[in-house]
Protein chains: 2
Amino acid sequence: MPDDQAPRRSRDPEHTRRAILDAAIAEFAEKGFAAARVDDIAARTSTTKRMIYYYFQSKERLFAAVLEEIYGGMRDAERALAPDVLPPAEAMRRLVEATFDHHAAHPEFVRLVSVENILEAKNVAASPAIRGRNAAVIGTLSAVLARGEREGVFRPGIDPLDLHMLISGFCFYRVSNRHTLGAIFGRDLREAEVAAAHRRMAVEMVLRYLAPVSSAK
Amino acid sequence: MPDDQAPRRSRDPEHTRRAILDAAIAEFAEKGFAAARVDDIAARTSTTKRMIYYYFQSKERLFAAVLEEIYGGMRDAERALAPDVLPPAEAMRRLVEATFDHHAAHPEFVRLVSVENILEAKNVAASPAIRGRNAAVIGTLSAVLARGEREGVFRPGIDPLDLHMLISGFCFYRVSNRHTLGAIFGRDLREAEVAAAHRRMAVEMVLRYLAPVSSAK
DNA sequence: CATGGTTTGTACTCGCTGGTCCGTACAGGC
DNA sequence: GCCTGTACGGACCAGCGAGTACAAACCATG
């Protein structure tokens with residue numbers, strides 16, 4: 001067998017494909033789809049533009065592959081969650097925190113989803129894999145919600161998808177709009193203290209929204 | 001004076017400039033910056049590409065002018081708010097509703113801000129007008145917040161900018177990510193019923209977040 | 001009705017960029 | 001050693017698209 005440690009250079013399709021994909025993630029996340037340059041993606045790798053077309057056929061398909069890849073990364077984030085053993089409020093807190101952390105740790109993901117929205121989600125719409133994977137989140141949320149309702153710690157009548165949007169909205173927005181917010185209000189949202197405060201905020205906002213007490217109308 | 005009713009065609013700089021700006025707003029909002037075509041902007045007007053360069057010098061400056069314009073549109077939305085006469089909770093509700101309505105009614109605004117974020121807000125950063133205008137929102141929020149706190153209907157210690165992000169985040173996200181959300185979950189967020197429910201949600205979320213009762217930790 | 005500045009139109013340039021042509025090198029089966 | 005398919009590379013091309021050269025109208029003056 002060849003040595004695994006040393007970089008077995010050429011003739012490694014897996015490695016080449018992966019390298020192109022990583023370079024494409026960085027390039028598309030930085031510049032968006034139209035402004036991204038295939039030549040620049042090639043320059044980020046140790047291979048050539050020809051290889052990009054060899055493995056991915058076109059710039060569009062490459063971008064579609066990038067989306068599949070980063071949406072796939074969310075699956076891992078979800079799986080790390082403690083499932084049904086925790087009390088509902090605690091499970092919900094962890095869900096919110098995991099969502100927050102994933103967005104904060106992966107600004108490329110956020111940017112690429114923004115880019116895809118400007119493209120009107122034509123790639124996501126064409127990918128059953130992405131659609132299915134994400135729709136699963138709703139199931140998890142729904143289960144926790146139902147359990148919490150049964151135990152009387154959450155109020156009834158909450159739509160899981162609406163709740164998902166409430167959670168993701170804040171987590172997404174503070175990353176996607178980091179630059180305009182930073183320019184307008186002069187606060188760097190990447191600072192650790194700000195991020196920690198927002199993380200607590202997100203949890204509190206959700207738990208208060210779900211609380212059964214009908215104090216706020 | 002010339003007739004105001006009939007279309008006084010050429011030799012109308014104001015009208016020409018305005019027409020170009022409107023066309024540019026539509027084009028940039030639809031396609032983003034890099035994918036937008038100056039020729040297509042010209043085609044959306046009754047004038048020519050030459051005029052775009054005559055009035056705006058370059059594609060970049062045209063985009064900067066577009067941003068100034070749409071951010072300016074927010075000022076009008078704010079002014080319609082009842083100021084300090086209402087009770088704090090009611091004032092806050094109106095603020096949230098106005099924010100929600102503005103985003104829902106102006107998807108171009110949302111898209112253009114998304115595009116600007118992909119450009120890392122370099123245009124907003126270079127425009128003191130935009131920065132100043134928007135920072136003013138915080139003042140309004142801050143005042144309502146302080147009054148509510150004094151009257152005991154809001155809890156203390158809420159940062160106005162954080163609150164602004166909480167409100168805008170949801171309103172922005174459901175428009176900016178309309179397409180991916182629609183593709184993944186199969187729900188059209190433009191439907192009147194869904195929008196109405198989300199509007200109520202936004203208000204409730206904010207009021208619950210601000211409520212002094214310390215039921216949720 | 002000259003005159004000069006402003007507004008508008010046409011036809012062009014020219015660099016850039018997605019995509020391809022044609023060829024080489026490598027590995028394994030026989 | 002030969003042969004076939006897979007992995008790779010560099011040079012090239014064609015069309016697109018931002019920006020401009022060159023005027024021609026137009027309008028307000030004197």
Side-chain angles (χ1 to χ4, degrees), chain A residues 1-4 6-28 30-67 115 118-119 122-123, chain B residues 1-4 6-28 30-67 115 118-119 122-123:
Chain A
M1 74 179 81
D3 51 337
D4 278 11
R8 42 173 183 179
R9 264 279 168 266
S10 58
R11 290 275 133 179
D12 189 345
E14 295 291 320
H15 178 269
T16 303
R17 209 193 119 96
R18 181 75 235 174
I20 292 170
L21 207 50
D22 287 340
I25 288 173
E27 175 80 4
F28 283 128
E30 271 178 36
K31 305 187 189 167
F33 180 75
R37 298 290 161 239
V38 178
D39 281 300
D40 290 0
I41 294 171
R44 285 170 189 262
T45 70
S46 54
T47 179
T48 65
K49 180 163 65 161
R50 184 66 189 79
M51 284 299 96
I52 294 173
Y53 286 92
Y54 182 70
Y55 285 107
F56 297 96
Q57 292 77 45
S58 73
K59 188 185 180 184
E60 283 208 351
R61 283 177 183 232
L62 175 58
F63 183 68
V66 161
L67 284 179
V115 169
I118 286 165
L119 298 176
K122 61 178 173 179
N123 299 287
Chain B
M1 73 181 80
D3 52 338
D4 277 12
R8 40 172 184 181
R9 265 278 169 266
S10 58
R11 291 276 134 178
D12 188 345
E14 295 291 320
H15 179 269
T16 304
R17 209 192 120 96
R18 182 74 234 174
I20 292 171
L21 209 49
D22 287 340
I25 288 173
E27 175 81 4
F28 283 126
E30 270 177 38
K31 306 188 189 167
F33 180 74
R37 298 289 159 243
V38 177
D39 281 300
D40 290 1
I41 294 172
R44 284 170 188 262
T45 71
S46 54
T47 178
T48 65
K49 180 164 64 161
R50 181 70 188 75
M51 285 299 96
I52 295 173
Y53 285 93
Y54 181 70
Y55 286 107
F56 297 96
Q57 292 77 46
S58 72
K59 189 185 178 184
E60 283 208 351
R61 282 173 183 237
L62 174 57
F63 184 68
V66 161
L67 284 179
V115 169
I118 287 166
L119 297 176
K122 60 178 175 181
N123 299 287

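Within every chain, numbering begins at 1; the chains are lettered A, B, ... in the order of the sequence lines, protein sequences first and strands thereafter. Just the heavy atoms: all of them, side chains too, but no hydrogens, waters or symmetry mates, feed the values below.
The residue B:A36 sits close only to the backbone: its heavy atoms come under 4.0 Å of sugar-phosphate atoms, none of a base. Heavy atoms of A:A35 sit nowhere under 4.0 angstrom from any nucleic acid atom.
A:Y54 has no side-chain polar atom (N or O) that falls below the 4.0 Å cut-off from OP1 or OP2 of D:dT6. OP1 or OP2 of D:dC8 has at least one side-chain nitrogen or oxygen of A:T16 nearer than 4.0 Å. The shortest distance between the side-chain N/O atoms of A:Y53 and the OP1/OP2 oxygens of D:dC8 is not below 4.0 Å. Here B:T48 reaches the OP1 or OP2 of C:dG9: one of its side-chain N or O atoms lies under 4.0 Å away.
In this structure, B:M51 atom CE and C:dT10 atom C1' are separated by 12 Å, rounded to whole Å. Between the NZ atom of B:K59 and the C1' atom of D:dC16 there is a distance of 12 Å, given to the nearest Å. Going from atom CZ of B:F56 over to atom C1' of C:dT7 covers 14 Å, rounded to whole Å. Between A:D39 atom CG and D:dA11 atom P there is a gap of 13 Å when expressed in whole angstrom units. Distance B:Y55 OH to D:dG19 P: 19 Å, rounded to the nearest Å. When rounded to the nearest whole Å, the span between CD of B:Q57 and P of C:dT7 equals 13 Å. For the pair B:F63 CZ and D:dG17 P, the interatomic distance rounds to 18 Å; values are reported in whole Å. Rounded to a whole Å, the CG atom of B:L62 is 10 Å from the P atom of D:dG19.
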Quiz item: Run the side-chain contact (heavy atoms from CB on, under 4.5 Å) check on A:T45 and A:T16 step by step: do they pass?
Solution: CA-CA 8 Å; A:T45 70; A:T16 303; over 6 Å; no
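Listed candidates were C:dT7, C:dG19, D:dG19. Nearest to the side chain of B:S58 is D:dG19. Checking D:dG17, C:dG9, C:dG18 against the side-chain heavy atoms of B:T47 singles out C:dG9 as nearest. Taking every side-chain heavy atom of B:R50 into account, C:dT8 is the closest of C:dT8, D:dA7, C:dT7. Across D:dT20, C:dT17, D:dG17, the shortest atom-to-atom separation from the side chain of A:R37 is found for C:dT17.
Between the side chain of B:K31 and the main chain of A:L119, no donor-acceptor pair closer than 3.5 Å is present. A side-chain donor-acceptor contact under 3.5 Å links B:R37 to the backbone of B:A34.
Residue A:K49 places no side-chain atom within donor-acceptor reach of the base of D:dG10, judged by atom type and a 3.5 Å distance cut-off alone.
For CZ of B:R18, the number of neighbouring non-hydrogen atoms (other residues, nucleotides, ligands) closer than 6.0 Å is greater than 12.
Remark: B:D22 does not engage B:R44 in a salt bridge, criterion side-chain N to carboxylate O under 4.0 Å.
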